Amino acid sequence: MTDTKEAAGDYRSSRHNPHQIEPKWQRRWEETQSNAVDLFDHDRPKYYFLTMYPYPSGNLHVGHWWAVAPADAAARFLRMSGYNVFFPMGFDAFGLPAENAAIQAAREGSSDIHPAHLTYERMDHMRRQFKQMGAIFDWSKTLATCDPEYYRWNQWFFLRMFECGLAYRKESFVNWDPVDQTVLANEQVIDGRGERSGALVEQRLMPQWHFKITDYAEELLDFSKLDWPERVKIMQTNWIGRSDGASITFKSERGDDIVVFTTRPDTLWGATFMVLAPEHPLVDKLTTPDRRDAVDAYVKRAALASEIDRQAQGREKTGEFIGAYAVNPVNGERIPIWIADYVLMTYGTGAIMAVPYGDQRDFEFARQFGIDIIPVVRPTGVDRIVVEELREAYIGPGVMINSGPIDGTVHNGEKGRNSPAIAAAIDYLEKNGLGQGEVTYRLRDWLISRQRYWGTPIPMLYCDACGIVPETEENLPVLLPEDVEFMPTGESPLRHHEAFLNAECPHCGGTARRETDTMDTFMDSSWYWFRFLSPFKSDGPIDADLVKRWAPVDTYTGGIEHAILHLMYARFFTKVMRDLGLIDHDEPFLRLRNQGMILGEDNEKMSKSRGNVIDPDELIATYGSDTVRTYLMFLFPWDQGGPWNSQGIEGVTRFLNRTWALVTEPAANSGPTGYGDLKELRRAVHHAIREVTEDLRGFSFNTAIAELMTLLNVMVRAKSTSLVETAVWREAVESLLLLLAPIAPHITEELWERSGHEGSVHDQSWPGYDETALDTDSINMAVQVNGKLRGQITVPAGADEVEVLASAKAEHNVSRYLEGSSLVREIVVPGRLVNLVVKPNG
RNA sequence: GCCGGGAUGGCGAAAUAGGUAGACGCAACAGACUUAAAAUCUGUCGCCCCCUGGGGCAUGCGGGUUCGAGUCCCGCUCCCGGCACCA
């Protein structure tokens with residue numbers, strides 16, 4: 001204890017001291033269980049508000065605050081508005097970083113880091129940090145996905161999906177990350193590199209578990225029940241990639257069927273060659289001896305090339321003729337068969353009919369290798385098409401030519417049967433048994449296997465006698481063993497854990513080996529919001545009654561980076577649960593809002609290596625939680641994000657200090673009350689109520705705070721008058737605290753108490769506004785002459801057009817512009833402006 | 001290349017059924033209080049011209065519609081994000 005400290009304390013006594021009041025209220029709220037949610041409360045309408053749960057990285061960074069604090073304000077606002085709000089928080093606790101820490105330790109010869117211990121420690125720490133934020137999370141309903149009582153239900157779902165064929169194992173080309181030693185989903189490969197490791201991804205053929213998300217492709221394209229940002233819906237739609245077209249069966253000269261998919265069956269008569277993917281199974285069979293060496297070499301080169309290399313080859317088309325020919329089913333033309341890496345085995349059938357006239361890639365290929373081009377669509381206004389003069393493929397609308405039975409039909413540029421020419425072609429194919437209309441999707445099945453330790457074990461067994469056998473439900477959970485030794489190579493320790501590996505076959509009782517792959521962690525996040533409702537339920541994954549009452553989630557918030565992955569898997573999983581009879585709704589999250597990203601002060605993504613990371617703990621130590629929360633919400637629009645600015649926080653500190661002083665300091669009460677002051681103050685209060693209510697409803701936190709600052713400024717000016725004795729003043733103070741409560745929960749609670757109120761400010765009803773209080777006696781209007789602002793007038797609120805015009809014309813500056821001119825038009829926008837249109841005389 | 005989103009003072013930003021551009025805040029400048037500083041309070045603050053009153057120009061660039069355009073239409077430039085040989 002020192003004198004200076006005392007003095008500082010005295011000096012600051014009239015200032016807001018967050019370090020004193022914030023811990024005080026956090027303690028009080030915990031003691032009184034004020035954040036406890038009664039999920040069985042029927043009296044109020046329910047509201048399930050969810051924000052994406054974090055990975056337990058060890059510390060809340062400012063991005064967590066940026067994502068969560070405004071969501072908390074929105075949830076608090078809804079609670080005051082009369083809803084029973086459930087706003088839970090938990091941890092996405094499985095995943096690579098914790099395991100990598102253990103592997104790193106193993107490399108350094110130490111073995112005292114275990115992902116489980118590390119993860120639980122970090123979760124404890126982050127839970128304490130969340131409490132400092134003052135969020136209304138009910139911590140009695142939380143979950144961690146690495147808890148066996150959570151992941152056993154992942155396994156349970158897997159078994160259900162295996163039973164109905166939605167989970168299956170197949171050997172397929174997968175993205176192998178050589179650094180993380182695991183397979184990655186397509187979604188985790190960015191520009192040919194592993195999303196996490198940044199390593200160049202290799203193509204490997206491995207047996208892997210998949211979920212049949214493609215069965216739901218069509219339903220996933222339906223967003224009609226969702227209030228979601230347009231761009232998220234567009235991103236998912238593009239990812240699913242629906243293509244409307246036809247599949248057509250060509251025959252090789254030997255008689256093999258070669259099925260192709262095309263969106264332009266109308267151009268079939270213009271097919272002058274065929275291309276197979278290098279991996280296509282028919283390549284080997286059809287290649288002629290004289291082409292064998294060249295084809296083999298090309299196939300080998302294509303297999304070795306990673307995705308990024310294929311792209312790096314640029315626009316130049318490569319390929320090899322395989323010596324064989326196919327027959328165009330509609331006209332009997334003999335066309336050469338090529339292989340080329342621009343045709344992908346993973347899309348469509350891995351084979352295409354090539355129409356150089358109507359497809360840019362085919363055009364480039366044909367030009368590269370001197371293959372014929374047959375024009376099949378004549379654009380309007382063009383009489384003659386000179387093939388030699390074509391610079392690029394023609395993909396626009398026109399009349400079909402050189403196309404036998406569909407000659408003269410019109411391709412209007414639309415997709416599928418919406419184009420008469422395409423419809424005619426499909427009709428022709430179907431009538432003659434050569435093909436049929438078909439829809440394909442870019443979306444592929446969800447690759448769920450991960451060759452990692454720190455995840456949910458896939459509950460499957462390999463029995464020498466019975467083959468692939470599912471674990472029985474009674475044996476769940478298949479526990480992840482803790483006594484494992486991490487390999488410096490990064491290989492999963494499960495592969496060497498005898499006690500885990502050896503199991504009894506549930507079918508024959510013989511010996512079986514356990515699957516050592518674990519599940520993609522997106523499995524965990526595909527149903528976690530159901531589990532929040534009953535985290536300790538031991539006889540099933542979800543509580544059907546509570547789910548019926550609370551699901552789906554009313555508002556979900558989180559980063560745009562999950563626009564495709566997590567959000568699409570969650571939608572898929574919800575539909576699967578519905579089809580398994582577990583729930584009866586179709587969509588998990590009715591309303592979605594994405595926050596933008598908060599960047600470092602240098603306008604770059606925050607990262608340790610750049611040294612631009614903002615530490616929220618330091619900010620709180622200096623300013624307190626309320627200031628940090630409020631500043632984050634004030635800084636820029638939440639859905640936009642932007643760079644952190646360490647200067648601006650002072651403005652919010654001042655705002656909260658001024659609010660503190662307004663409520664705690666005695667009024668000067670000396671000045672006179674001006675005429676209309678009372679009404680003006682009341683107008684400002686009700687205007688603020690209206691604006692803040694609308695802003696919080698629409699997640700416009702920055703403008704809500706600006707409005708509160710405006711109200712405070714009005715009140716500070718009013719405080720020096722005798723207004724403070726009035727009921728209007730008391731209403732103003734109460735309203736200010738209520739409107740600010742969701743944003744800055746601690747200071748408002750303290751001031752609510754200090755201003756003599758019983759109970760918590762957070763248990764109060766959200767204020768409503770009085771429309772009539774917004775009326776004014778007189779209105780300011782702008783006066784324009786020929787659209788240019790020339791003056792201002794003040795007119796009585798009820799003034800009619802004649803009065804307004806008279807007043808406008810009399811305005812001294814305006815009248816100057818009217819002299820010597822004749823008035824040709826008068827425009828009055830009530831309450832806004834007058835525009836006088838004049839023409840010079842003569 | 002295709003699909004989204006964006007561009008407003010020195011800075012973060014407000015304002016769209018077309019109607020007074022720059023609310024709110026930061027920074028800056030000037031002043032008050034103070035022995036001084038901090039804090040606080042008051043004032044100024046888009047650019048340019050001018051004598052108070054005013055005037056001209058301004059929402060990325062160029063056109064258009066309109067009495068009136070940050071807002072609507074056409075054509076560009078740049079920035080950010082997603083997808084990327086998807087047949």
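Quick note on labels: first sequence line is chain A, next is B, and so on, each numbered from 1. Not measured: the values here are computed from a predicted model.
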Check: A:Tyr342/A:Thr318 side-chain N/O donor and acceptor closer than 3.5 Å: no
Residue closer to the 5' end of RNA chain B, A:Asn238 versus A:Arg658 (nearest nucleotide): A:Asn238
Full working for salt bridge (charged side-chain N to carboxylate O under 4.0 Å, His left out) between A:Glu218 and A:Arg242: CA-CA 8 Å; A:Glu218 198 60 43; A:Arg242 184 183 200 275; 3.1 Å; yes
Sequence-distant partners of A:His566, ring-ring contact (aromatic ring centres under 6.0 Å, His included), two or more places apart: A:Tyr556, A:His562
Glycosidic conformation of B:rG9, taking syn as within 90° of 0 and anti otherwise: syn
OP1 or OP2 of B:rC83 under 4.0 Å from side-chain N/O of A:Arg442: no
Euclidean distance for P, B:rU66 against B:rG18 (whole angstrom): 16 Å
Sugar-phosphate only, base, or nothing, as touched by A:Pro643 at under 4.0 Å among non-hydrogen atoms: nothing
Polar side chain donor-acceptor pair, A:Asp257 to A:Thr249, under 3.5 angstrom: no
Positions of residues 696-706 of chain A (non-hydrogen atom under 4.0 Å from RNA chain B), listed by number: A:Asn702, A:Thr703, A:Ala706
Same-atom distance (C1') from B:rU71 to B:rA21, integer angstrom: 11 Å
Less than 3.5 Å apart, which donor and acceptor atoms pair up between the side chains of residues 345-352 of chain A and the rest of the protein, not counting sequence neighbours?
| from | atom 1 | to | atom 2 | distance (Å) |
| --- | --- | --- | --- | --- |
| A:Tyr347 | OH | A:Ser243 | OG | 3.1 |
| A:Tyr347 | OH | A:Thr440 | OG1 | 3.4 |
| A:Thr349 | OG1 | A:Val259 | O | 2.6 |
| A:Thr349 | OG1 | A:Ala351 | N | 3.4 |
| A:Thr349 | OG1 | A:Ala351 | O | 3.3 |

Sugar-phosphate only, base, or nothing, as touched by A:Phe636 at under 4.0 Å among non-hydrogen atoms: sugar-phosphate
Contact under 4.0 Å: A:Asn713 side-chain N or O vs B:rA23 OP1/OP2: no
Residues that A:Phe634 engages under ring-ring contact (aromatic ring centres under 6.0 Å, His included), provided they are two or more places apart: none
Test ring-ring contact (aromatic ring centres under 6.0 Å, His included) applied to A:Trp228 - qualifying residues, sequence neighbours left out: none
Identified side chain to side chain contact (heavy atoms under 4.5 Å, CB included) counterpart of A:Val834 within the set A:Val795, A:Val785, A:Leu805, A:Val829: A:Leu805
Touch class at under 4.0 angstrom, heavy-atom based, for A:Gln640 against every strand present: sugar-phosphate
First encountered from the 5' end of RNA chain B, between A:Arg717 and A:Ala782: A:Ala782
Atom P, compared across B:rC73 and B:rG22: separation rounded to whole Å: 25 Å
Partners passing salt bridge (charged side-chain N to carboxylate O under 4.0 Å, His left out) against A:Arg697 (at least two apart in sequence or in another chain): none
Close approaches to RNA chain B from residues 646-656 of chain A, in residue order (heavy atom, under 4.0 Å): A:Gln647, A:Gly648, A:Gly651, A:Arg654
P atoms of B:rG63 and B:rC24, separation to the nearest Å: 35 Å
P spacing across the pair B:rA15 / B:rG6, given as an integer number of angstrom: 13 Å
Protein-nucleic acid N or O pairs under 3.5 Å, nucleotides 52-56 of chain B:
| from | atom 1 | to | atom 2 | distance (Å) |
| --- | --- | --- | --- | --- |
| B:rG55 | OP1 | A:Arg790 | NH1 | 3.1 |
| B:rG55 | OP1 | A:Asn813 | ND2 | 3.3 |
| B:rG55 | OP1 | A:Tyr817 | OH | 2.6 |
| B:rG56 | OP1 | A:Arg790 | NH2 | 3.3 |
| B:rG56 | OP2 | A:Arg790 | NH1 | 3.1 |

Inter-nucleotide C1' distance (B:rG12, B:rG46), Å rounded: 16 Å
Partner residues of A:Tyr441 under the ring-ring contact (aromatic ring centres under 6.0 Å, His included) criterion, sequence neighbours left out: none
Validation row, ring centre A:Phe655 to ring centre A:Trp660 under 6.0 Å: no
Any donor-acceptor N/O pair under 3.5 Å between B:rU20 base and A:Gln784 side chain: no
Nearest-Å distance for atom pair CD/P, residues A:Glu279 and B:rC85: 14 Å
For A:Asn238, all residues meeting side-chain hydrogen bond (donor to acceptor under 3.5 Å, both in side chains), sequence neighbours excluded: none
Any residue of residues 821-833 of chain A with a heavy atom less than 4.0 Å from an atom of RNA chain B: A:Arg825, A:Ile827, A:Val829, A:Arg832, A:Leu833
Validation row, ring centre A:Tyr298 to ring centre A:Trp338 under 6.0 Å: no
Anti or syn - B:rG18, cut at 90° from 0: anti
Donor on one side chain, acceptor on other, A:Thr627 and A:Thr630, under 3.5 Å: no
Integer angstrom distance from the C1' of B:rG56 to that of B:rG60: 22 Å
Dot-bracket notation for RNA chain B, counting Watson-Crick and G-U pairs under 3.5 Å, with | for partners on another strand: (((((((..(((......[....))).(((((.......))))).((((....))))..(((((..]....))))))))))))....
N or O in side chain of A:Gln360 less than 4.0 angstrom from B:rA87 OP1/OP2: no
Sugar-phosphate, base or nothing in reach of A:Tyr441, heavy atoms under 4.0 Å: nothing
Distance, rounded to the nearest Å, where A:Leu711 contributes CG and B:rG25 contributes P: 12 Å
Salt-bridge present (A:Asp227, A:Arg593; N to O < 4.0 Å): yes
A:Phe699/A:Phe701 aromatic ring centres below 6.0 Å: yes
Atom C1', compared across B:rC61 and B:rG70: separation rounded to whole Å: 15 Å
A:Gln368 and A:Glu364: side chain donor to acceptor below 3.5 Å: no
Exercise: do A:Arg816 and A:Asn813 side chains pair donor with acceptor under 3.5 Å: yes
